[in-house]
Amino acid sequence: MLRVAVVGSGPSGCYTAQGLVQQDSSVFVDVLDRLPCPYGLVRYGVAPDHEKIKSLQGNLRTVLEHERIRFLGGVQVGGPGGLPTARLRELYHAVVYCVGAATDRHLGIPGEDLPGSWSATEFVSWYSAHPDAVDDGFVRAARTAVVIGVGNVAVDVTRMLARGAAELNPTDMPQGALAALAESRVTDIHMVGRRGPSQARFTTKELRELGALPDTDVVVDPEDLALDPGYADPSALPAAQRRNVEVLRGWAATPPTGADRRIRLRFHLRPVELLAVDGRVGAVRFERTVPDGRGGVTGTGRYEEVEAQLVLRSVGYRGVPLEGLPFDTSTGTVPHREGRVLRDGVIAPGEYVAGWIKRGPTGVIGTNRPCAKETVTSLLGDAAALAGRQVPEDAVASLRAEGVEPVAWAGWLAIERAEAELGASLGRTVVKLPDWDSLLAAARTATP
Ligand code: NAP
């Protein structure tokens with residue numbers, strides 16, 4: 001019998017647990033999460049209006065309901081008051097860290113921390129009801145928003161800013177965020193890339209969705225596109241980039257319809273400073289860039305200011321070091337060889353990684369499948385050596401003895417019931433509980 005802890009119940013954690021129990025009938029897996037709710041970024045990152053991607057929760061649910069897999073929510077690993085990684089290692093034959101990339105990258109420019117400027121992660125957490133999210137009145141008093149970055153998260157937050165109440169009401173977003181977005185007076189959203197359109201990171205499917213939003217014009221300045229070396233002859237571009245450029249060219253050639261809202265897609269503008277008006281962000285100063293011939297850009301010394309009462313910095317996620325685990329600060333990942341954690345270049349027996357903390361914050365949810373598979377293959381290859389070590393019969397009993405009371409699967413099901421009841425009481429479907437108290441209170445109503 002091999003007892004494995006998987007830390008993190010997002011896609012990479014669930015796919016790892018699934019691979020382990022499917023490939024070896026002697027493996028038992030506890031999936032630990034610091035939150036009382038499972039599914040990681042599928043619950044707290046995928047935009048609420050992306051119902052199809054959200055429905056992946058059904059697949060992850062099947063994994064966590066497997067007879068040899070247990071969900072243990074509300075267990076913090078590492079950090080102040082958390083279960084030390086060294087202790088976790090004693091409780092299980094092997095530990096797989098699937099903790100993702102928990103923070104956002106910084107721009108490192110003046111004014112970045114002005115009131116009214118937030119990371120996209122903070123905004124996403126708020127409308128996704130993450131219990132650590134802060135309601136900072138994101139859209140209150142804003143007419144114009146600037147989203148910095150042109151990845152899929154930037155597209156998500158741009159789309160959420162442009163959506164109306166009628167489209168958001170059927171989602172599971174928390175009532176407070178729904179009310180705030182319904183009352184939003186944001187009419188202009190600038191989504192800005194520092195390089196050219198052929199170098200943007202968004203995918204075409206996500207990009208096209210912007211053009212399908214009700215009462216919203218997508219405005220593209222042909223001059224921004226023309227700077228891009230791929231613009232003149234998109235046929236030479238890889239297929240994904242070519243499709244993006246074609247969509248953008250189409251919008252650039254379409255006159256606005258006079259809709260109430262405008263999404264302005266801008267390129268070749270590098271943010272250099274956030275400017276204050278009355279102590280809050282009032283504009284973003286950009287420098288015009290041109291291609292440097294090596295895939296990057298260089299500044300031109302020409303500047304442009306874009307008014308904004310709300311700035312969302314969407315320039316990528318970053319992994320956070322976990323106490324007791326090695327960490328490469330240059331990549332924001334844990335050093336590994338085929339998923340086996342490396343300490344000073346040497347394999348650390350029984351410690352593994354999968355997902356964003358292994359390969360960095362790239363790829364779509366499905367990318368986690370092959371990533372988890374590689375780690376599972378490594379771990380099962382080491383199984384004979386790992387199983388020789390004595391570990392407790394039941395780690396939960398040891399955790400309880402140390403004052404850690406996990407939220408079991410029944411607790412999560414009780415949270416789901418409470419969210420369905422809240423939705424029904426508000427005349428909506430499911431409505432997420434947005435704070436620790438209500439989540440834990442709901443979990444406590446579980447029948448053992
Ligand atoms: P991302 O894809 O890495 O995009 C980051 C963006 O920020 C890029 O446009 C990048 O430009 C820009 N950037 C970085 N540093 C900058 C700086 N200092 N100044 C200005 N711009 C800067 O990150 P993401 O959007 O956070 O997405 C993370 C991952 O999640 C991606 O793999 C994404 O596809 C995935 N995701 C998928 C979906 C979906 O499938 N629907 C939804 C959300 C997220 P450069 O290219 O010039 O560096």
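Each ligand, and each atom within it, is numbered from 1 in the order the structure gives. Hydrogens, waters and symmetry mates play no part in the numbers below; they use all other heavy atoms, side chains included.
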Residue pairs involving residues 115-141 (criterion salt bridge (Lys or Arg N to Asp or Glu O under 4.0 Å); sequence neighbours excluded): R34-D132

Less than 3.5 Å apart, N/O on ligand 1 and N/O on the protein: could you list those pairs with the distances?
residue  : atom   : partner : partner atom : Å
ligand 1 : 3 (O)  : R201    : NH1          : 3.1
ligand 1 : 7 (O)  : S314    : O            : 3.4
ligand 1 : 9 (O)  : V150    : N            : 3.0
ligand 1 : 15 (N) : R194    : NH2          : 3.4
ligand 1 : 18 (N) : R194    : NH1          : 3.4
ligand 1 : 25 (O) : N152    : N            : 3.3
ligand 1 : 25 (O) : V153    : N            : 3.1
ligand 1 : 32 (O) : G363    : N            : 2.8
ligand 1 : 32 (O) : G363    : O            : 3.1
ligand 1 : 34 (O) : N152    : ND2          : 3.1
ligand 1 : 41 (N) : E206    : OE2          : 3.1
ligand 1 : 46 (O) : R195    : NH2          : 2.8
ligand 1 : 46 (O) : R201    : NE           : 3.2
ligand 1 : 46 (O) : R201    : NH2          : 3.4
ligand 1 : 47 (O) : R194    : NE           : 2.9
ligand 1 : 47 (O) : R195    : NE           : 2.8
ligand 1 : 48 (O) : R194    : NH2          : 2.8

Qualifying salt bridge (Lys or Arg N to Asp or Glu O under 4.0 Å) pairs, either residue in residues 322-332, two or more places apart: none

Minimum heavy-atom distance between P174 and V431, given as atom pair plus value: CA-CG1, 4.2 Å

Lys/Arg N to Asp/Glu carboxylate O, E374 vs R359, below 4.0 Å: no

Pairs involving residues 102-112, ordered by first then second residue, that meet salt bridge (Lys or Arg N to Asp or Glu O under 4.0 Å) (sequence neighbours left out): E112-R313

For S12 against G355, the heavy-atom pair lying closest together: CB-CA, 3.5 Å

